Amino acid sequence: MASSSLLLGYLVSILPAGLLALVALLAIPRALAGARVAVHILFFIFARDAMSPAGFWQLGAGSMRLTAPVPVLLALAGMSAALFVGVAWLERVTWWEGWNGWKGVRPVPSLLWGVAGAVAISVVAAALKAAAGLPSLPAPGTALVVPLLVFALLGNAYEELLFRGMLQQRLMAHMPAARAVVVSGALFSLCHAWLALIVTRAGLPVLVFTLVEGLVAGLVYRRAGLLAATLAHGLAIFVLASGAY
């Protein structure tokens, strides 16, 4: 019952923003793709940042912990998956194709690139955390490992669709691919500024982590497509949230 109340309260809090985003998307012509991407991202930022006052996570300068009950975590993961499918359909994003046009998902290359990206993000983040002497929040119990993994992967799939499958893909139509990776990575980090500096006051380390995360995910997307970028992002968040460093 408590989990249902928490989830309902969260959904009610983001409903006005969701309705405004829907009205904007209905009014903006499909030809103005950039404006439509901006609306999707703005709604995502609002919905993500609302998780903090709802008590669904703790974000510190050196670590992140998911504190929502397991049913809420799984429900949020399901909502993210539904948004992924719905937005991909609405915006006609061919998420099963790599940037260079190969058809269908190639599981082994995607898995390898995704794992390699997650390792790169985690190693760099752990090294920066150690160098700065940042503290860690208490590690979660082992019973949360599977729910954390499900949430990390599905919860970040929607985010990757927006920032890589839509934003970076649009940027690559107007600039060299390497520059598009840098721009999308910087914008990805910038979109965490309100969360880092105002909502949680976790500060600059969050922006540095998300910049590293955005750049690596962008490179992985460039090489192996959206599935690989989602694995890189999701697994890196899982490592962080599980208290591995």
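These numbers come from a predicted model, not from an experiment.
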field: Reported CG-to-CG distance for the pair D49 and L195, which is rounded to 0.5 angstrom
entry: 4.5 Å
Partners passing side chain to side chain donor-acceptor pair (under 3.5 Å) against S122 (at least two apart in sequence or in another chain): none
query: Hey, quick one: are L111 and W113 part of the same hydrophobic cluster, counting side-chain heavy atoms closer than 4.5 Å, chains of contacts allowed?
result: yes
message: Please identify which of these residues, L161, L83, V87, L167, meets the side-chain contact (heavy atoms from CB on, under 4.5 Å) condition with H40.
response: V87
query: Considering only heavy atoms from C-beta outward, does the side chain of M51 approach that of L76 to under 4.5 Å?
result: yes
field: Those residues that, when tested against S184, pass side chain to side chain donor-acceptor pair (under 3.5 Å) (two or more places apart)
entry: Q168
Sidechain-backbone polar pair: Y10 side chain, A47 backbone, donor-acceptor under 3.5 Å: yes
message: Using side-chain heavy atoms (C-beta onward) and a distance below 4.5 Å, is L162 in contact with V37?
response: no
task: Write out all pairs satisfying side-chain hydrogen bond (donor to acceptor under 3.5 Å, both in side chains) with one or both partners inside residues 18-33, taking only residues at least two apart or from two chains.
output: none
task: Establish, from distance only, whether the side-chain atoms of K129 and S136 form a donor-acceptor pair under 3.5 Å.
output: yes
message: Going by the rule side chain to side chain donor-acceptor pair (under 3.5 Å), which residues pair with T210 if we only count those two or more places apart in sequence or in a different chain?
response: S189
field: Within-4.5 Å side-chain heavy-atom neighbours: M172 and V181
entry: no
field: S80 side chain to A77 backbone, donor-acceptor under 3.5 Å
entry: no
query: Side chains of R48 and W57: does their closest heavy-atom pair fall under 4.5 Å?
result: yes
message: Count I, L, V, M, F, W, Y as connected when their side-chain heavy atoms are under 4.5 Å apart, and connections chain through other members. Are L240 and V208 then in the same cluster?
response: yes
field: Cluster link V146 to V239, ILVMFWY, side chain under 4.5 Å
entry: yes
task: Return each pair, listed once, that meets ring pair (Phe, Tyr, Trp, His ring centres under 6.0 Å) where at least one residue sits in residues 160-198; pairs must be two or more places apart or across chains.
output: F163-F188, F188-H192, F188-H233
- request: Can you tell me which residue pairs pass the salt bridge (charged side-chain N to carboxylate O under 4.0 Å, His left out) test with a partner in residues 154-176, sequence neighbours excluded?
  value: E160-R164
